[in-house]
Amino acid sequence: MTDSRPIGVFDSGIGGLTVLSALCCRLPEERFVYLGDTARLPYGTKSAETVTRYALRAAAFLAGEDIKMLVVACNTASASALPTLERELPMPVIGVVTPGARAAVRWSSGPIGLIATEGTVASGAYQRAVRALRPDAQVRSRACPLFVPLAEEGWFDHPVTRQVAEIYLQDFAGGVVDSLILGCTHYPLLRSAIAAAVGPGVHLVDSATVVAEEVAERLTGEGILGRGEGGIHLLVTDAPTRIARIAAMILGDDTPPLQLVDLSA
């Protein structure tokens with residue numbers, strides 16, 4: 001069986017484009033509708049109730065695009081809203097927390113570091129997911145709220161970004177952890193600065209690739225794989241000109257035009 005309907009991908013901003021890029025590489029015959037809720041960015045400093053409300057609104061909008069699956073490419077929304085989304089939506093819903101935790105446990109034999117937004121760290125979602133897989137695991141976490149606006153500005157390897165990374169990550173350097181979960185989909189965009197701050201002995205865990213694999217497995221299991229030419233439809237709720245420039249840096253020269261949408265309508 002095949003299913004030509006698109007897959008919905010949702011994030012608070014441009015960070016989820018790292019997941020979308022991995023999905024396009026793994027599933028080139030699928031169509032994707034990406035929604036970046038840039039008008040309400042950032043999610044990581046907001047309450048779990050507010051994040052859940054925003055996520056439900058975004059999911060309802062994407063459901064109106066006749067999607068066959070929703071990928072929540074936002075760690076904060078995955079940590080706060082995933083059970084509600086799974087309960088409310090009629091299609092399969094996949095978040096990024098569990099695949100990221102699974103990858104960290106696979107790579108790590110010692111203490112695991114976690115950097116994420118304030119909301120994701122406070123939720124304890126990654127800590128629970130890691131310990132469900134390895135009960136004796138030590139998880140050391142740190143919220144890095146400035147990383148999101150730096151990524152949204154396109155300052156991926158800027159001197160300011162490197163300085164902020166050194167301040168945030170000094171407790172993870174020198175072999176304190178052997179792997180570091182990038183617990184926000186914006187953070188892989190700052191990989192160079194983060195890697196320089198923690199040193200060469202720390203493996204950076206980016207959930208994008210493992211999420212793409214999980215999506216492929218779920219599509220196969222549900223019998224809803226696409227068999228078409230593929231394609232991307234990009235939607236944002238604010239600042240399409242600035243976001244278009246950064247999207248092209250992530251997705252390449254063939255990045256389609258962005259469409260501005262209003263989730264309050």
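- Using a distance-only test at 3.5 Å, with no hydrogens or angles considered, no donor-acceptor pair links the side chain of Lys46 to the main chain of Tyr54.
- Both Phe156 and Val148 are members of a single hydrophobic cluster when ILVMFWY side chains are connected at heavy-atom separations under 4.5 Å.
- Panel note: side chain Thr38, backbone Gly13; no donor-acceptor pair is recorded below 3.5 Å.
- Contact detail for Ile67 and Gly8: the closest heavy-atom pair is CG2-N, 3.6 Å.
- Under the 30°/60° scheme for interplanar angles, the aromatic rings of Tyr43 and Phe10 are found to be tilted.
- One distance of note links CG of Leu219 with NZ of Lys68; it measures 5.5 Å at 0.5 Å rounding.
- In this structure the side chain of Cys24 reaches within 4.5 angstrom of the side chain of Ile232, judged on heavy atoms.
- Of all non-hydrogen atoms in Ala125 and Ala79, the two that sit nearest each other are CB-CB, 3.7 Å.
- Remark: the backbone N or O of Gly226 is paired with a side-chain donor or acceptor of Glu30 at under 3.5 angstrom.
- Taking all atoms of both residues into account, the shortest heavy-atom contact from Leu27 to Phe32 is O-CE1, 3.8 Å.
- Within the 4.5 Å cutoff, no side-chain heavy atoms of His158 are placed close to those of Leu150.
- Looking only at distances, no side-chain donor or acceptor of Arg142 sits under 3.5 Å from a matching main-chain atom of Gly113.
- Arg140 places none of its side-chain heavy atoms less than 4.5 Å from the side chain of Asp171.
- Atoms CG and CG, from Leu180 and Leu114 in turn, are 7.5 Å apart once rounded to the nearest 0.5 Å.
- The shortest distance between side-chain heavy atoms of Ile243 and Leu234 does not fall below 4.5 Å.
- Atom CZ of Arg40 and atom OG of Ser264 lie 6.5 Å apart (nearest 0.5 Å).
- Checking side-chain atoms of Thr255 against main-chain N and O of Gly252 turns up a donor-acceptor pair under 3.5 Å.
- Surrounding CG of Asp136 are more than 12 heavy atoms belonging to other residues, nucleotides or ligands, all under 6.0 Å away.
- Thr161 places none of its side-chain heavy atoms less than 4.5 Å from the side chain of Val164.
- Taking Asp3 as the reference, Arg5 meet the side-chain hydrogen bond (donor to acceptor under 3.5 Å, both in side chains) condition, with sequence neighbours excluded.
- Note on Leu235 and Leu263: same hydrophobic cluster, where clusters join Ile, Leu, Val, Met, Phe, Trp and Tyr whose side-chain heavy atoms are under 4.5 Å apart, directly or indirectly.
- In this structure, Gln163 places its CD atom where only 12 or fewer heavy-atom neighbours from other residues, nucleotides or ligands lie under 6.0 Å away.
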> Between His203 and Asp178, does a side-chain contact (heavy atoms from CB on, under 4.5 Å) hold up when you go through it step by step?
Replying inline: CA-CA 6 Å; His203 177 76; Asp178 63 1; over 6 Å; no

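- Just one residue in the list Ile112, Val121, Asn75, Val139 forms a side chain to side chain contact (heavy atoms under 4.5 Å, CB included) with Tyr126, and that residue is Asn75.
- Leu62 pairs in a side chain to side chain contact (heavy atoms under 4.5 Å, CB included) with only one of the listed residues (Ile7, Leu89, Val9, Leu35), which is Leu35.
- Closest non-hydrogen pair, Ala129 versus Val97, comes out as CB-CG1, 4.2 Å.
- Using a 3.5 Å distance cut-off with no hydrogens or angles, the side chains of Thr76 and Thr117 do pair a donor with an acceptor.
- One finds the CZ atom of Arg31 at 6.0 Å from the OG atom of Ser4 (value rounded to the nearest 0.5 Å).
- Grouping the Ile, Leu, Val, Met, Phe, Trp and Tyr side chains by contacts below 4.5 angstrom, directly or via other members, places Tyr168 with Val202.
- Residues Leu204 and Arg191 have side chains in contact (heavy-atom distance under 4.5 Å, counting atoms from C-beta outward).
- For the side chain to side chain contact (heavy atoms under 4.5 Å, CB included) with Val72, the qualifying choice from Leu85, Val19, Val96, Asp11 is Leu85, the only one to do so.
- The shortest heavy-atom contact between Leu251 and Ser21 is CD2-CB, 4.0 Å.
- Both Leu23 and Leu17 belong to a single network of hydrophobic side chains, linked directly or stepwise wherever heavy atoms of I, L, V, M, F, W or Y lie under 4.5 Å apart.
- Separating the CZ atom in Arg26 from the OG1 atom in Thr209 is a distance of 11.0 Å, to the nearest 0.5 Å.
- Every side chain to side chain contact (heavy atoms under 4.5 Å, CB included) that Glu222 has, sequence neighbours left out, goes to Pro92, Arg218, Ile224.
- Leu20 and Val210 are assigned to two separate hydrophobic clusters, defined by single-linkage of ILVMFWY side chains at heavy-atom distances under 4.5 Å.
- Looking at Glu153 and Ile246, their side chains never come closer than 4.5 Å, going by heavy atoms from C-beta outward.
- The shortest distance between side-chain heavy atoms of Ile115 and Tyr187 falls below 4.5 Å.
- Interatomic distance, Ile194 CD1 to Phe147 CZ, rounded to the nearest 0.5 Å: 4.5 Å.
- The nearest pair of heavy atoms linking Ile14 to His186 is N-NE2, 3.7 Å.
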